[in-house]
Amino acid sequence: MSYDKVEVPDSGQKIEVKDEENDEIYVPDDPIIPIIHGDGIGQDVAPAARKVLDAAAEATGRNISWMRLYAGQSARDRYGEDVNLPDETVEAIREHRVAIKGPLTTPVGAGYRSLNVALRQTLDLFANVRPTYYLDGVPSPMKAPEEMDMVTFRENTEDVYAGIEWEAGTDEVEQVRDFVEDEMDFDDVMHDGPIGIGIKPISEKGSKRLVRRAIDYAIEHDRDKVTLVHKGNIMKFTEGQFGDWGMEVADEEYPDDEVFAAPDSLWEEQDEVDIPEDAVMVEERLADAMLQWMQLRTDEFDVLAMPNLNGDYLSDAAGAQIGGLGIAPGGNFGKARMLAEPVHGSAPKRAGQNMANPTALILSGRLMFDYLGWDEAADLLHDAVEETISSGKVTYDLERQIEGGEKLGTDEYADAICENIERLA
Ligand code: NAP
């Protein structure tokens, strides 16, 4: 494809798809990787993360050709005031298969819809994956933060985030109200007067492919358990169905000695269940209870698979247990496609001051390296970040919680990680 405002790098090769159905890609040693710096603190953390990712790639015999793409404010500056997500940004990610992005601002209440949600839906990046693990030296509110080693799989394309909703006072919302009350017989359920209405679609396809991804991940990464987290006791035909479809995948698509679908796990403890040795156990838990167990029985959980809204809440809460948003990485996965992005947003009040923590974006890069099959570079990133933090060299967000820490700017912190990469390589 030819691009208008995107600068295509003059070196580097494209990542190609090998087998889309089985999520296989061919990765050259000098791939072109699109990057969106993002809004707010994106302008601080993206250049810093780029520097660190380059250092880890080069130390392990690779070279990244970055292809800068625009979205949010940077797109409005280049493409015009009403262009938030240019077509060529989406197309470049589609074409190049693997990309990384900083945070993008979403106005609350009015304005345009979330660009993050739009990207995930347009590219069918159906699984949002967040590995949540403790890094030595990071301050945490928990007594034993090292017990946290969970990977959350959040469904990314449907649920109340699908964007099917109507604003109070519009003709559309009144049509929906009439239909629900008169034709579907739900009279006296909704209050009189102005009302907003949203729809929560949860499909068999969306649920099963998410749970399948989570189970495959657990098998590949030697994890013991996949927990399906939902509110099926209340929302039986959406959340409950998510649980049923998920258990069907576990029960019907894998041999019992590889994946064991625990019966009645919603209501009974599983300690006594006889699970085949080495099998991944798949169980169900209710979302509200899960929020407390995550804190009180952290080491019992491993891989979590959830509908969109539960996944949003639970993954942020898990991130808080290991030190907060500044260090929590994530990635969105589709078929033979990945978009890495940190959990945090654009934190406007910290923007442009060389103070934000780039760790979350750097560790999202680690997840991207994992996906590329660059294991050595991924390990090097982890070790260099951990070494830097445990030596007390940190950005403001961690420094205010550590006694005797040395506060560094975004850039200087990235330099300290690069030095550790050089030393450890
Ligand atoms: P936020 O941007 O994540 O920031 C909330 C607070 O978390 C910050 O004020 C800061 O706390 C801390 N924080 C976040 N990232 C940090 C970092 N890298 N280093 C240090 N501290 C960090 O959440 P928000 O204020 O709710 O959202 C702002 C905008 O971002 C909204 O428009 C939202 O829609 C958008 N957003 C985008 C994404 C995405 O692009 N995927 C995700 C979430 C939100 P202190 O003030 O205490 O220092």
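As the structure is a prediction and not an experimental result, all values here were calculated from the model. Scope of the values below: all heavy atoms of this structure, side chains included, with no hydrogens, waters or symmetry mates. One-based numbering, in listed order, for ligands and for the atoms of each.
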Which of the atoms in ligand 1, numbered in the order shown and given with their element, are less than 4.0 Å from a heavy-atom of [X]?
| X | value |
| --- | --- |
| Asp397 | 20 (C) |
| Arg350 | 45 (P), 46 (O), 48 (O) |
| Glu341 | 41 (N) |
| Thr105 | 32 (O) |
| Arg400 | 45 (P), 47 (O), 48 (O) |
| Lys101 | 40 (O), 41 (N) |
| Lys349 | 9 (O), 46 (O) |

Below 4.0 Å from any atom of ligand 1, is there a heavy atom belonging to [X]?
| X | answer |
| --- | --- |
| Leu115 | no |
| Ala360 | no |
| Met355 | no |

### Query
With respect to atom 2 (O) of ligand 1, which of Ala347, Pro103, Gly42 exhibits the smallest heavy-atom separation?
Ala347
### Task
Kindly identify the option in Leu104, Leu361, Thr359, Val117 whose heavy atom sits closest to atom 40 (O) of ligand 1.
Leu104
## Note on the structure
Note: Val303 and Ala218 closest approach over all heavy atoms is CG2-CB, 4.2 Å
## Note on the structure
Note: Glu158 and Asn308 closest approach over all heavy atoms is O-ND2, 3.1 Å
Are any of the N/O atoms in [X] less than 3.5 Å from those in ligand 1?
| X | answer |
| --- | --- |
| Thr106 | yes |
| Gly345 | yes |
| Val343 | no |

Please say whether the positively charged group of [X], taken as NZ for Lys or CZ for Arg, lies over the ring of [Y], i.e. under 6.0 angstrom from the six-membered ring centre and within 45 degrees of the axis.
| X | Y | value |
| --- | --- | --- |
| Lys5 | Tyr79 | yes |
| Arg212 | Tyr217 | no |
| Lys225 | Phe301 | yes |

### Message
For Thr395, is there any backbone N or O sitting under 3.5 Å from a side-chain donor or acceptor partner on Asn357?
### Response
no
### Summary
Checking heavy atoms under 4.0 Å, the part of Asn116 that sits near ligand 1 is side chain
#### Entry: Ring centre gap for Phe153 and Phe333 strictly below 6.0 Å
no
### Message
So, taking the atom named CD in Glu283 and the one named OG1 in Thr227, what distance separates them when rounded to the nearest 0.5 Å?
### Response
3.5 Å
### Query
In terms of side-chain heavy atoms, does Asn420 have a donor or acceptor partner in Thr388 at a distance below 3.5 Å?
yes
### Thr157 and Glu155 side chains, donor-acceptor separation under 3.5 Å
yes
